Q: 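Before we start, here is the structure in question, set down as structure tokens.
Note that the coordinates shown come from a computational prediction; the quantities given were computed from them, not determined experimentally. Quick note: residue numbers are just sequence positions, from 1.
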Amino acid sequence: MTEISDWSDLETQLQETRESLEEIEQRLHQVRRDLQEKQELQAQQEQIRSQIQEIAGDRPRRNKNSKIRRKPNSSTGQSLSNPLQESLQQQLQQISDRLEQIEADLESRLISWSSLHESFWQVVRFVGIGIVIGVILRGCAG
């Protein structure tokens with residue numbers, strides 16, 4: 001009767017180990033997706049920043065002698081490129097927010113302490129037993 005309960009305990013522990021491994025694999029895939037998305041968003045962010053600089057006139061033009069003047073909008077007095085610049089600024093803010101969210105997700109632990117708790121104590125137990133057996137064998141041999 002004890003043999004059957006030992007096997008069922010072993011099967012239960014094996015199933016729990018499988019579930020833990022699946023959770024770790026899912027988290028690893030999530031981390032990989034987040035890293036890839038982070039790289040793509042950073043590239044988009046840099047592209048939008050360069051577009052904003054182009055629109056704002058911060059970048060030097062190819063022809064230094066020619067001056068580009070923007071006509072102000074008659075009703076508001078603002079330049080015609082301002083709505084485009086505002087749109088790009090909004091996109092840039094959305095990308096920055098998403099990057100912050102990805103950073104927070106990536107900073108969270110891949111493996112939590114609760115999933116390692118039992119394994120940690122098993123390692124401590126068996127290493128301790130190994131040290132004790134080693135000392136006993138050394139004492140018997142020497």
Side-chain angles (χ1 to χ4, degrees), residues 1-139 141:
M1 184 74 172
T2 58
E3 240 180 75
I4 294 174
S5 66
D6 289 342
W7 283 110
S8 65
D9 289 343
L10 182 61
E11 288 175 355
T12 303
Q13 289 179 353
L14 184 60
Q15 182 62 31
E16 289 174 1
T17 304
R18 283 183 187 145
E19 290 171 0
S20 296
L21 181 61
E22 287 177 14
E23 289 175 9
I24 291 171
E25 282 184 78
Q26 289 173 358
R27 178 67 177 132
L28 179 63
H29 290 302
Q30 179 188 0
V31 167
R32 286 181 179 166
R33 280 192 312 265
D34 286 350
L35 285 173
Q36 183 178 5
E37 184 179 2
K38 178 183 173 184
Q39 290 174 345
E40 291 170 359
L41 288 173
Q42 286 174 336
Q44 286 179 358
Q45 187 179 36
E46 194 58 38
Q47 183 181 16
I48 290 174
R49 282 184 180 152
S50 67
Q51 289 176 349
I52 290 172
Q53 286 177 350
E54 249 179 51
I55 290 171
D58 291 341
R59 284 193 171 182
R61 301 290 182 209
R62 288 183 185 165
N63 188 354
K64 294 180 181 179
N65 294 332
S66 66
K67 294 183 180 179
I68 298 176
R69 295 184 181 173
R70 293 186 180 101
K71 281 187 174 180
N73 192 343
S74 60
S75 62
T76 62
Q78 297 175 346
S79 67
L80 294 174
S81 64
N82 201 14
L84 178 60
Q85 188 174 1
E86 288 177 10
S87 171
L88 290 174
Q89 288 286 356
Q90 288 175 350
Q91 287 178 358
L92 188 61
Q93 183 61 39
Q94 290 172 351
I95 289 174
S96 296
D97 292 344
R98 179 64 184 141
L99 280 172
E100 288 177 15
Q101 183 181 7
I102 289 173
E103 284 292 327
D105 290 344
L106 289 173
E107 287 175 359
S108 68
R109 291 184 175 167
L110 181 60
I111 301 172
S112 65
W113 170 250
S114 61
S115 67
L116 290 177
H117 185 264
E118 186 175 337
S119 301
F120 172 77
W121 287 113
Q122 285 181 355
V123 168
V124 169
R125 183 181 328 146
F126 290 120
V127 168
I129 291 172
I131 291 172
V132 169
I133 291 173
V135 169
I136 291 171
L137 289 174
R138 184 174 181 212

Q: Among all residues two or more places apart in sequence or in another chain, which pass the side-chain hydrogen bond (donor to acceptor under 3.5 Å, both in side chains) test with Ser96?
A: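 Residues passing side-chain hydrogen bond (donor to acceptor under 3.5 Å, both in side chains) with Ser96: Gln45.
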Q: May I have the step-by-step check of side-chain hydrogen bond (donor to acceptor under 3.5 Å, both in side chains) for Gln30 and Arg27, ending in yes or no?
A: CA-CA 5 Å; Gln30 179 188 0; Arg27 178 67 177 132; 3.3 Å; yes
Q: Kindly compute the distance separating CD (Gln90) from CD1 (Ile95), expressed to the nearest 0.5 Å.
A: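 If we round to the nearest 0.5 Å, Gln90:CD and Ile95:CD1 are 12.0 Å apart.
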Q: Taking atom CD of Gln53 and atom CD1 of Ile48, what is their separation to the nearest 0.5 Å?
A: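 That separation rounds to 12.5 Å.
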Q: Considering non-hydrogen atoms only, spot the tightest contact between Asp34 and Ile102 and give its length.
A: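 Looking at all heavy atoms of both residues, the shortest contact is O-CG2, 3.6 Å.
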Q: Can you tell me how far apart NE2 (His29) and CD1 (Ile24) are? Round to the nearest 0.5 Å.
A: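 Going from the NE2 atom of His29 to the CD1 atom of Ile24 covers 12.0 Å.
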Q: Between CD1 of Ile55 and CD of Glu86, what distance do you get to the nearest 0.5 Å?
A: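 Spacing of CD1 (Ile55) from CD (Glu86) equals 11.0 Å.
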Q: Would you give the length of the straight line joining atom CD of Glu37 to atom CD of Gln42, rounded to the nearest 0.5 angstrom?
A: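 Output value for this atom pair is 11.0 Å.
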Q: In the structure I gave you, are the side-chain heavy atoms of Glu103 and Glu100 within less than 4.5 Å of one another anywhere?
A: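 Glu103 does not reach Glu100 side chain to side chain.
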Q: Starting from the C-alpha separation in whole Å, work towards a yes-or-no answer on side-chain hydrogen bond (donor to acceptor under 3.5 Å, both in side chains) for Gln93 and Asp97.
A: CA-CA 6 Å; Gln93 183 61 39; Asp97 292 344; 2.9 Å; yes
Q: Sorted by first residue and then second, give each salt bridge (Lys or Arg N to Asp or Glu O under 4.0 Å) pair with at least one member in residues 39-52; sequence neighbours left out.
A: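 Residue pairs with at least one partner in residues 39-52: there are none.
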Q: Can you name the residues that form a side-chain hydrogen bond (donor to acceptor under 3.5 Å, both in side chains) with Asp9, not counting sequence neighbours?
A: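 For Asp9 there are no side-chain hydrogen bond (donor to acceptor under 3.5 Å, both in side chains) partners, ignoring immediate neighbours.
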Q: Could you tell me the separation between the CD atom of Gln15 and the CG atom of Leu10, rounded to the nearest 0.5 Å?
A: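 The distance works out to 12.0 Å.
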Q: Okay, side chain of Ser87, backbone of Pro83: is any donor-acceptor separation there less than 3.5 Å?
A: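 No, the answer is negative, given that no donor and acceptor are paired below the 3.5 Å cut-off.
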Q: Between Leu88 and Gln91, is there a side-chain heavy-atom distance shorter than 4.5 Å?
A: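 Side-chain contact under 4.5 Å: yes.
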Q: Would you say the side chains of Gln101 and Arg98 form a donor-acceptor pair under 3.5 Å?
A: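 The criterion, which ignores hydrogens and geometry beyond distance, is satisfied for Arg98 and Gln101.
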Q: Test of understanding: with side-chain hydrogen bond (donor to acceptor under 3.5 Å, both in side chains), list the residues that count as partners of Glu22, not counting sequence neighbours.
A: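 Partners of Glu22 under the side-chain hydrogen bond (donor to acceptor under 3.5 Å, both in side chains) test: none.
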Q: Checking Gln44 now: which residues fulfil side-chain hydrogen bond (donor to acceptor under 3.5 Å, both in side chains) with it, not counting sequence neighbours?
A: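 For Gln44 there are no side-chain hydrogen bond (donor to acceptor under 3.5 Å, both in side chains) partners, ignoring immediate neighbours.
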Q: Could you tell me whether the side chain of Ile133 reaches within less than 4.5 Å of the side chain of Ile129, counting heavy atoms only?
A: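 The answer is yes, as the side chains (C-beta and beyond) meet within the 4.5 Å cut-off.
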Q: The criterion is side chain to side chain contact (heavy atoms under 4.5 Å, CB included); which residues satisfy it with Arg138, sequence neighbours excluded?
A: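 Applying side chain to side chain contact (heavy atoms under 4.5 Å, CB included) to Arg138 gives none.
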